[in-house]
Amino acid sequence: MNDDMSYVDVFSGDEFFNDLYPLKKVNEFFIEVYGEITTTETDLPDRLGTWETGIDVVLHNDYREIVYASKNDFQKAYKDYVKQLIDYLKAQGRNEELHRFQGEFQQIFNQFSKKYKDMRFFVGKQHFGPEPDCKEGMIIMSTWEDYQKPVFHYLALGLKKADLFYSLGD
């Protein structure tokens with residue numbers, strides 16, 4: 001039996017990471033994943049035999065970098081995602097988690113907002129789904145630890161666990 005887990009966005013279905021990466025549960029609401037700079041051969045049909053250098057988490061999970069015109073644009077987009085997440089948690093009957101989250105979110109969010117200029121932002125490949133009523137997925141925040149190691153920050157309440165073997169077989 002396989003105990004390895006994959007973490008999937010509850011809205012887009014994108015696989016964001018698995019527990020084979022170094023990760024840390026910061027608190028009840030955030031998970032950090034630590035990436036590495038790597039060079040890998042691309043498997044894209046039109047680019048076979050070429051190599052890409054980048055962050056392993058980004059390359060292996062097909063993230064899309066997203067750039068915000070301003071800090072206010074980022075804050076609005078992230079808060080819109082959080083409103084969507086709150087509605088999801090209410091519909092799931094997860095009221096106790098929701099109450100704790102709402103009590104702590106603003107303080108945590110303010111810490112990230114202060115680092116805006118030093119952050120990069122990513123979304124999964126299905127973030128803007130094809131369906132008209134599709135909900136946008138999570139915005140992944142990325143910082144650098146000691147300017148050497150990329151750290152990705154995920155809202156834990158916006159993730160669901162899936163068996164890694166199963167998710168890789170899709």
Side-chain angles (χ1 to χ4, degrees), residues 2-68 71 73-75 77-82 84-85 88 101 105 108-109 111-129 134-170:
N2 187 1
D3 291 333
D4 297 325
M5 298 302 294
S6 172
Y7 294 80
V8 177
D9 186 298
V10 298
F11 298 119
S12 70
D14 283 317
E15 181 178 324
F16 281 153
F17 62 93
N18 58 58
D19 59 6
L20 301 176
Y21 292 104
L23 60 91
K24 177 174 89 173
K25 189 170 184 178
V26 177
N27 56 35
E28 183 178 7
F29 308 113
F30 277 92
I31 296 173
E32 290 180 348
V33 173
Y34 302 89
E36 296 282 341
I37 302 298
T38 188
T39 300
T40 185
E41 189 171 10
T42 183
D43 59 358
L44 298 172
D46 60 335
R47 295 178 51 205
L48 288 177
T50 61
W51 295 82
E52 292 180 297
T53 298
I55 302 168
D56 57 355
V57 179
V58 173
L59 295 175
H60 298 154
N61 296 290
D62 208 12
Y63 290 178
R64 308 291 194 253
E65 187 164 10
I66 189 166
V67 177
Y68 294 100
K71 181 177 179 178
D73 288 346
F74 157 68
Q75 290 173 325
Y78 205 82
K79 286 181 179 182
D80 286 348
Y81 169 77
V82 168
Q84 177 180 290
L85 184 58
Y88 169 80
F101 175 67
F105 173 74
I108 295 167
F109 184 70
Q111 291 173 3
F112 282 111
S113 290
K114 289 177 186 175
K115 299 176 185 179
Y116 170 79
K117 288 186 177 186
D118 297 323
M119 294 172 64
R120 292 173 65 190
F121 306 96
F122 297 90
V123 296
K125 63 183 173 182
Q126 301 298 320
H127 180 77
F128 303 105
C134 181
K135 299 197 180 310
E136 291 184 6
M138 184 183 301
I139 300 166
I140 304 161
M141 299 177 289
S142 175
T143 58
W144 288 82
E145 183 177 273
D146 300 324
Y147 300 100
Q148 295 181 17
K149 190 166 205 60
V151 181
F152 296 85
H153 308 272
Y154 305 85
L155 262 174
L157 298 175
L159 299 169
K160 60 184 174 184
K161 292 181 181 181
D163 180 65
L164 183 59
F165 180 74
Y166 174 76
S167 67
L168 292 177
D170 287 347

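Using a 4.0 Å cut-off between charged nitrogen and carboxylate oxygen, Asp118 and Arg120 do not count as a salt-bridge pair. At a threshold of 4.0 Å, the pair Lys25-Glu32 does not count as salt-bridged, since none of the basic side-chain nitrogens sits closer than that to a carboxylate oxygen.
Environment of NZ in Lys114: sparse, with no more than 12 heavy atoms of neighbouring residues, nucleotides or ligands closer than 6.0 Å. Residue Lys161 qualifies as open at atom NZ: its count of foreign heavy atoms under 6.0 Å is 12 or below.
The aromatic rings of Tyr63 and Tyr154 sit perpendicular to each other, their planes meeting at more than 60°, with 30° as the lower class boundary.
Taking CD of Glu136 as the start and CG of Asp9 as the end, the distance is 11.0 Å to the nearest 0.5 Å. Between the NZ atom in Lys160 and the CE atom in Met5 there is a gap of 11.5 Å [rounded to 0.5 Å].
In terms of the ring-ring contact (aromatic ring centres under 6.0 Å, His included) criterion, residue partners of Phe109 (sequence neighbours excluded) are, by chain and number, Phe74, Tyr78, Phe105. In terms of the ring-ring contact (aromatic ring centres under 6.0 Å, His included) criterion, residue partners of Phe29 (sequence neighbours excluded) are, by chain and number, Phe101. Residues that satisfy the ring-ring contact (aromatic ring centres under 6.0 Å, His included) test with His153, not counting sequence neighbours, are Phe112.
Residues Gly137 and Ser12 come closest through the heavy atom pair CA-CB, 4.2 Å. Contact record, Ala77 with Tyr68: CB-CE2, 3.6 Å, taken as the closest heavy-atom pair. Residues Thr53 and Leu59 come closest through the heavy atom pair C-CD1, 4.3 Å. Ile55 approaches Thr38 most closely through the heavy-atom pair C-CG2, 4.4 Å. In this structure, Val151 and Glu145 approach most closely via the heavy-atom pair CG2-CB, 3.8 Å. Here the closest heavy-atom approach between residue Ala156 and residue Glu28 is recorded as CB-O, 3.8 Å.
Two residues are said to be in side-chain contact when any heavy atoms from C-beta on lie closer than 4.5 Å; Lys115 and Met141 fail this criterion. The shortest distance between side-chain heavy atoms of Ile37 and Asp56 does not fall below 4.5 Å. At least one side-chain heavy atom of Met138 sits less than 4.5 Å from a side-chain heavy atom of Leu155. No side-chain heavy atom of Val57 sits under 4.5 Å from any side-chain heavy atom of His60. Between Leu159 and Val8, the closest side-chain pair of non-hydrogen atoms is not below 4.5 Å.
For the pair Asp14 (side chain) and Gln126 (backbone), a donor-acceptor distance under 3.5 Å is present. Put simply, the side chain of Asn61 gets close to the backbone of Phe16: a donor and an acceptor are under 3.5 Å apart.
Within the 6.0 Å centre-distance limit, the rings of Phe121 and Tyr116 are counted as a close aromatic pair. Remark: aromatic rings of Tyr21 and Tyr34 are distant, center separation not under 6.0 Å.
For the residue pair Gln75 and Ser113, a side-chain donor N or O sits within less than 3.5 Å of a side-chain acceptor on the partner.
Residue Phe152 is tested with Phe17, Tyr7, Phe122, Phe30 for a ring pair (Phe, Tyr, Trp, His ring centres under 6.0 Å); the sole match is Phe122.
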> Please walk me through it: do Lys117 and Lys71 pass side-chain contact (heavy atoms from CB on, under 4.5 Å)?
Replying inline: CA-CA 8 Å; Lys117 288 186 177 186; Lys71 181 177 179 178; over 6 Å; no
